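Remember, it's a predicted structure, so these values are computed and weren't measured experimentally. Chain letters run A, B, ... following the sequence lines, proteins first and then strands; every chain starts at 1.
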Protein chains: 2
Amino acid sequence: MDTTQRTEQQRSADRRRRELLEAADRVVLRDGPQASMNAIAAEAGITKPILYRHFGDKSGLYAALAKRHTDALLNSLREALDAPADRRERVEATLDTYLAAIEARPQVYRFLMHPAEGGTGTDQGFDVGKHSAPLLRRMGEELAQVIEERLDLGPGSQQLARVWGHGIVGMMHAAGDWWLGERPCTRAQLVKSLADLLWGRLAAAGDKVGGPGF
Amino acid sequence: MDTTQRTEQQRSADRRRRELLEAADRVVLRDGPQASMNAIAAEAGITKPILYRHFGDKSGLYAALAKRHTDALLNSLREALDAPADRRERVEATLDTYLAAIEARPQVYRFLMHPAEGGTGTDQGFDVGKHSAPLLRRMGEELAQVIEERLDLGPGSQQLARVWGHGIVGMMHAAGDWWLGERPCTRAQLVKSLADLLWGRLAAAGDKVGGPGF
DNA sequence: AGACTCGGGTTACCGCTAGTAACATATTAT
DNA sequence: ATAATATGTTACTAGCGGTAACCCGAGTCT
């Protein structure tokens with residue numbers, strides 16, 4: 001009948017969509033974030049217009065692609081964040097989970113951080129703030145929520161939690177990015193150093209002696 | 001004779017170069033980071049190949065342009081960082097300086113964070129880690145140096161300082177980016193929240209009562 | 001004077017990208 | 001059979017970064 005047919009077609013469409021996303025995944029994994037629509041279409045064994053029929057435009061495809069990985073990573077992070085352990089352990093586990101993920105698949109990670117880079121130039125005037133990777137934003141909000149749920153921060157806790165959420169995520173991201181490029185230490189050392197920073201060792205450290213003679 | 005002529009020409013070339021950079025500046029300020037070479041050339045009153053003669057390629061121009069702003073911003077930051085005040089005040093002043101800068105010229109700031117986005121595809125294989133904005137890296141290294149110079153961190157201080165430098169810069173950047181987009185609070189509040197985070201309030205906060213029944 | 005290099009400039013092009021219009025084909029409903 | 005609908009293709013546009021080839025005016029050598 002009518003309904004069964006529609007579902008038939010939709011199922012087929014959904015399967016196609018998944019296939020296309022997987023092909024795109026492979027290409028991005030190989031070529032990095034500047035993978036072209038042509039290349040993705042070729043990898044999927046079809047031609048460009050089909051991609052556009054399914055995803056609208058490039059940022060549409062990228063958004064769909066990003067959503068999958070972002071969801072997956074966020075699930076891992078939630079797990080680490082919700083583990084039954086004390087706070088320091090949970091923080092370290094979360095940092096380590098993130099760093100392990102970006103270490104395992106740098107190209108994907110790189111893609112997630114530099115997604116669209118501006119569309120056809122629609123209004124390009126005051127959309128500043130939207131340019132940051134959605135992954136960072138989502139992680140920031142997620143962490144903010146956990147912080148606000150679990151910690152007693154007194155008045156203004158919600159705003160404080162959000163600032164901290166985005167700040168901590170940014171710290172993790174920048175440090176991870178730098179670490180991935182230079183590999184100056186092991187992952188465990190990096191995790192410990194960052195956790196130490198969050199634990200206030202910066203404020204607690206003493207001044208160095210023998211300063212500028214004063 | 002010969003030398004004077006060479007310097008004459010070089011002076012002229014340098015002046016041209018500055019003019020071109022200023023034109024590029026105007027365009028970037030107007031169009032954001034995706035300003036095209038054509039547009040920049042037009043703004044400067046000349047045509048593309050001249051730009052290429054002066055700067056090699058787009059990333060060359062962008063690098064030159066970025067260097068100016070990066071240097072300027074880093075000078076301001078150094079000033080705040082070296083002020084004769086206690087540590088907390090210096091940290092807050094530095095955060096505030098950075099945030100004021102990105103608040104004043106968001107387009108420029110946006111450009112500094114998303115500079116090249118990949119050249120003609122030379123080797124595009126394993127250069128991960130290089131994609132982050134040079135500004136972030138330079139700020140991270142700079143801060144690391146100051147930390148290592150001034151703080152007594154015990155053994156492994158150099159690595160610790162570098163991790164912290166990049167981590168703190170990342171925190172500042174991500175929080176600033178988010179703040180610029182949503183404007184959820186005043187700059188002063190943001191500064192205080194971030195400083196609180198660095199001062200270990202995350203570790204010091206108490207657990208919230210009335211958790212999941214356990 | 002006349003040929004000659006040489007720096008600053010332009011036009012016209014290449015190869016590539018994102019995105020689209022128009023045409024072709026199969027499957028299905030009536 | 002016929003109309004409609006999804007699925008796919010070819011062939012195109014507009015604009016990008018980048019470059020080769022030419023062009024012209026000013027100074028220099030003989």
Q: Dump the intermediate steps for side chain to side chain contact (heavy atoms under 4.5 Å, CB included) on A:Leu21 and A:Phe55, then the final yes or no.
A: CA-CA 10 Å; A:Leu21 278 178; A:Phe55 301 102; 4.0 Å; yes
Q: Nearest whole angstrom, please: distance from the P of D:dC16 to the CD of B:Gln34.
A: 11 Å
Q. Expressed in angstrom and rounded to an integer, what is the separation of A:Ile40 atom CD1 from C:dA18 atom C1'?
A. 12 Å
Q: Could you tell me whether A:Gln158 atom CD has more than 12 heavy atoms of other residues or ligands within 6.0 Å of it?
A: no
Q.
So for atom CD, which belongs to B:Glu79, do other residues, nucleotides or ligands contribute more than 12 heavy atoms lying within a distance under 6.0 Å?
A. no
Set out, line by line, the N/O atom pairs under 3.5 Å between protein and nucleotides 9-12 of chain C.
residue: C:dG9; atom: OP1; partner: B:Arg16; partner atom: NH2; Å: 2.6
residue: C:dG9; atom: N7; partner: B:Arg53; partner atom: NH2; Å: 2.4
residue: C:dG9; atom: O6; partner: B:Arg53; partner atom: NH2; Å: 3.1
residue: C:dT10; atom: OP2; partner: B:Thr47; partner atom: N; Å: 3.1
residue: C:dT10; atom: OP2; partner: B:Thr47; partner atom: OG1; Å: 2.4

Q.
side chain to side chain contact (heavy atoms under 4.5 Å, CB included), that's the test. Do B:Met139 and B:Leu136 meet it? Break it down for me.
A. CA-CA 5 Å; B:Met139 287 199 296; B:Leu136 284 184; 3.9 Å; yes
Q.
Looking at A:Asp177 and B:Arg137, is any side-chain nitrogen of the basic one under 4.0 Å from a carboxylate oxygen of the acidic one?
A. yes
Q. Looking at residues 17-26 of chain A, who's got a heavy atom less than 4.0 Å off DNA chain C?
A. none
Q | Interatomic distance where CG belongs to A:Leu51 and P belongs to D:dT7 [whole Å] | A | 14 Å
Q: Would you indicate whether A:Arg26, at its atom CZ, is surrounded by more than 12 heavy atoms from other residues, nucleotides or ligands within a distance under 6.0 Å?
A: yes
Q. When the distance from CZ of B:Phe55 to C1' of D:dG18 is rounded to whole Å, what number comes out?
A. 16 Å
Q. How long is the line joining CE of A:Met37 and P of C:dC16, in whole Å?
A. 18 Å
Q: Determine, for A:Trp164 and A:Arg162, whether the Lys NZ or Arg CZ falls below 6.0 Å from the six-membered ring centre while staying within 45 degrees of the axis.
A: no
Q) Rounded to the Å, how far apart are A:Asn38 CG and D:dA11 P? A) 14 Å
Q. Which of parallel (below 30°), tilted (30 to 60°) and perpendicular (above 60°) describes A:Trp178 and B:His166?
A. parallel
**Q.** Interatomic distance where OH belongs to A:Tyr52 and C1' belongs to C:dA22 [whole Å]
**A.** 17 Å
